[in-house]
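Nothing fancy with the numbering, it's 1 onward along the sequence. The basis for the numbers below is simple: all heavy atoms, side chains too, and nothing from hydrogens, waters or symmetry mates.
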Amino acid sequence: MKTNRKTNLTVGKWKTKKINVNISREVKIYFGIGALVGLVLFLAVYGFRVLDFTYDNWLLTGKDLQQHYLGWKYFRRSPWTFPIGMHDSFTAPNSISVLYTDSIPLFALFFKLLSPILPQTFQYFGLFGLMCYVLNGGMASLIISKFNKCKIVCGAGSVFFILSPPVLQRLYGVLTENSRHTSLAAHFLILGALAVWLFKDKFQDYKKDAIAWAVLAVLCVLIQMYIIFMVGGILCGYLLDRLISDKDWKRLIYVFSAFAGSFLFFFFIVGGFTSLLSSGGSGFGFFSANLNTFINAWHYSTFFDGLAMTDLQYEGFAYLGLGMIILCIIAFALLLKKAAGLIRRKCFWETFVKKVKKNFSVIVPLGIVVFVFSILAFSNLVYLGDNIFIEVHWPKAIDDLLAVIRSSGRFIWCVMYILMILALYVVSKYFNSKVQKAVIILCVLIQIVDLAAPIHRIQKQYYGAVAEDDSLVPGDFWTEEIKNYDRIVYFPSEAYNPTEMLQIGSKASAVKNMKMSNFYLSRYMTKKATKEKDKETEKIFREGQLDGRTIYILDYDKAHKYKDMCNIYIVDNKIIALKNPIYGYEKYTDFLVGTHTPVVELDMSFAGLGTSFLHRGWHSTEYGDEGTWTSYLSVIRVYSDDAQKAKISIHYEGGKKKGTTEVRMNGKRIGKIQNNTSGTATFETALKPCKNIKKSKYINWLFLESDDVKKAKKAGEKDGKGIFVKKVTVTYVE
């Protein structure tokens, strides 16, 4: 036998075997470099505290992160069923899958098996975050190694992917943001799909190819279902590449069937198929990416303030970071220099055509993938800043079809990673080893400095102890009285907002076998399902068959209807109906002002019951803890029992702009408020009696018309919000 000294590979009989072994070892080395960088960066950003399995306060701070943890907590204590991810704790008596609380079924199922030997309080979200950083780094380093064998460059370049701003945003985020959707930080699934495409020469064997994509499909189901659409899109590009280059229809059918089959099988096993929840929701076109997304730092830069975007476009956040932006500019300059040289030599077109022909099978599919993902991300309402740049109208049937991916701005992550990989490729190709190493390391250092401020905010939040947010359920009822009950029924089903449901659910989790009729899920219950639930509850109230072990949480409409048929209380701005009386709690008073209810207070804070009477024209995205802003024409519903006259007191804080808010009742002006003042304004007004609270002709309409908002809009400004209404008090006069 002969030995090739350069490669240290044996040539001859064992050639193929030795090459496979060495390739496997090389893959492990490059993957390990990125994984190690990811491990170090995770501990630097989040510290060790989140890795404490018994520390869960940091997961009870609101929104999606709290939803994910409570989903695991209730699933853990529920009995095993088939499909294996099902439980009825959140939609009793119906069951839903742990999939729909985004509780990372892969971890939830595994740790539920170990539940008997786990401590009573156990969370795995810190471990999941660590896994994301390690795998994101490993995949990134492996991808870079395809075109750059320098281990330092692979390790340094992986930092761009590990500290990707969308990952910082999504994994745990910061308390002030609304986008802490932990499982969406599993970007190693996207990078894994791109890696298979890049290393397609290692997947010549059908079986190996099919297994790779089947595993990715299973991981998407068991970690984050939304990413299946991204991985599926990349798969389509990959298979088109294979089809063009190899003319191999058999591979296309074989691999796609493996991907789709494994997805459908595990989706069924976990309980993904359900008629209880809708397949999507409204919002496609609003949860999009902005055209400025790659350079819009939002809250994630040391040097730059965020650029304009709409309130819901946090879903399409894809800031590259200053270091990567500079690297992209350098890469683009290198391409321009190369093109200019070819033009001077008068061989640009010839070289261009030659390159395209040579790489046609890759260029066309990759171009299609980038184009389709971009179209989905920017949607039919294309925004540049806070202005619509392009608006496309299409049939409602298309909107209904796209409802399942309504948060379409997320597709821009795939485009972002492709852009980052191309920038690293160009710099690696056109610079010598010393220069490329210096450029990439310098850009990584700039990237880290640019992200230092947001990382510091995250560190302050997670390095220290975090208190559970129970601001909407502070009373003893939720810690003491609740122990006497084992079920919570919302009537109607959608009576309360997600934040209140989360905090109630958190307190209720301390009660063994507690079940709820509704909860904050990743998909809404269908109208048919909520209608059926409400119909059943309506029958219970109508027939006086309330269950003594159930807490019924009502809205004003239901409380008014059944106020004389059961025991109703106001507990922390929630209307509670019980079969048996309790003592020490405020009894419910009706909202129709008159001799029986001389004073009605409408609390306009975020969780205040007064918001139930907001009709239209309010800044819904500007609700504060204590109130909400008026717009150009804001309307409140006021109901009268037998009051013909009443005093309307508006407790408010002023806005920044001069101007007035005209106050009218039923179209008649009763006063005005200076917008830049604060205090309480009281006006006397006539009222008409309410014979039927469902009929608009019996409702008294209180208008608050803030003219400064209209002027601000005409001037193209955004901060004209009128007055901040905290409470409206209606007092009986005669």
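Between the side chains of Ser288 and Ser408, no donor N or O sits under 3.5 Å from an acceptor N or O. Counted by atom type alone, Asn290 and Asn296 present zero donor-acceptor pairs between their side chains at under 3.5 Å. Between Glu653 and Ser678, the side chains place no donor N or O within less than 3.5 Å of an acceptor N or O (distance only, hydrogens not considered). Residues Tyr520 and Thr499 bring no donor and acceptor atom of their side chains to less than 3.5 Å of each other. In summary, the side chains of Tyr562 and Asp564 do not present any donor paired with an acceptor at a separation below 3.5 Å, with no hydrogens or angles considered. Between the side chains of Asp469 and Thr61, not a single donor N or O lies within less than 3.5 Å of an accepting N or O. Between the side chains of Asn518 and Ser493, not a single donor N or O lies within less than 3.5 Å of an accepting N or O. Looking only at atom types and distance, the side chain of His651 has a donor-acceptor partner in the side chain of Thr680 under 3.5 Å away. Remark: the Asp470 side chain and the Trp478 side chain contain no N/O donor-acceptor pair separated by less than 3.5 Å.
Lys647 has no carboxylate O lying under 4.0 Å from a charged side-chain N of Glu684, or vice versa, which leaves the two without a salt bridge. The pair Lys533-Glu538 fails the salt-bridge criterion, with no side-chain N (NZ, NE, NH1 or NH2) lying under 4.0 Å from an Asp/Glu carboxylate O. Ion pair Glu315/Arg170 flagged as a salt bridge, since at least one NZ, NE, NH1 or NH2 atom sits closer than 4.0 Å to an Asp/Glu carboxylate oxygen. Contact check on Lys672 versus Glu662 returns no salt bridge, with no Lys/Arg side-chain nitrogen under 4.0 Å from an Asp/Glu carboxylate oxygen.
Taking the six-membered ring where the residue is Trp, the centroids of Tyr300 and Tyr319 are separated by 6.0 Å or more. For Phe389 and Tyr383, the gap between ring centers reaches or exceeds 6.0 Å. The distance between the ring centers of Tyr172 and Trp58 falls below 6.0 angstrom. Taking the six-membered ring for Trp, Phe491 and Phe541 have ring centres closer than 6.0 Å.
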Would Thr682 and Ile648 satisfy side chain to side chain contact (heavy atoms under 4.5 Å, CB included), going step by step from the backbone distance to the final call?
-> CA-CA 5 Å; Thr682 302; Ile648 303 290; over 6 Å; no

Check the pair Tyr698, Lys688 against side chain to side chain contact (heavy atoms under 4.5 Å, CB included), reporting the backbone distance first and the verdict last.
-> CA-CA 7 Å; Tyr698 298 125; Lys688 55 186 178 184; 5.9 Å; no

Taking it one step at a time, do Tyr652 and Phe724 satisfy ring-ring contact (aromatic ring centres under 6.0 Å, His included)?
-> CA-CA 5 Å; Tyr652 69 98; Phe724 187 69; over 10 Å; no

Carefully, step by step, assess Tyr69 and Leu60 under the rule side chain to side chain contact (heavy atoms under 4.5 Å, CB included).
-> CA-CA 8 Å; Tyr69 175 56; Leu60 298 171; 3.7 Å; yes

For the pair Thr91 and Leu521, evaluate side chain to side chain contact (heavy atoms under 4.5 Å, CB included) and give the outcome as yes or no after the intermediate values.
-> CA-CA 10 Å; Thr91 52; Leu521 305 171; 3.9 Å; yes

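Evaluation of the salt bridge (charged side-chain N to carboxylate O under 4.0 Å, His left out) rule for Asp557 yields Lys694 as partners, not counting sequence neighbours.
Counting only distance, with no hydrogens or angles, the side chain of Ser278 and the backbone of Tyr524 share a donor-acceptor pair below 3.5 Å. The backbone N or O of Ser522 sits nowhere less than 3.5 Å from a side-chain atom of Asp102 that would complete a donor-acceptor pair. When atom types are taken as modelled, the side chain of Thr597 and the backbone of Gly594 share no donor-acceptor pair closer than 3.5 angstrom. Side chain of Ser301 to backbone of Phe303: a donor-acceptor contact under 3.5 angstrom is found. Looking at Asn567, its side chain never comes within 3.5 Å of a backbone N or O of Tyr569 through a donor-acceptor pair. The main-chain N or O of Cys690 is never found under 3.5 Å from a side-chain atom of Asp641 such that the two would form a donor-acceptor pair.
Under the 6.0 Å distance and 45° angle rule, Arg523 does not count as a cation-pi partner of Tyr100.
Minimum interatomic distance between Thr630 and Ser706 (heavy atoms only, all atoms of both residues): OG1-OG, 2.8 Å.
By the neighbour-count criterion of 12 heavy atoms within 6.0 Å, atom CD of Gln644 is sparsely surrounded, having that number or fewer from other residues, nucleotides or ligands. Within 6.0 Å of atom NE2 in His596, 12 or fewer heavy atoms from other residues, nucleotides or ligands are found, so the atom counts as exposed in its surroundings. Within a 6.0 Å radius of CG in Asn692, more than 12 heavy atoms belonging to other residues, nucleotides or ligands are found.
Atom CG of Asn700 and atom CZ of Arg637 lie 12.0 Å apart (nearest 0.5 Å). To the nearest 0.5 Å, the span separating CZ on Phe683 from CZ on Arg664 amounts to 13.0 Å.
By the 30° and 60° cut-offs, the orientation of the rings of Phe411 relative to Phe373 is tilted.
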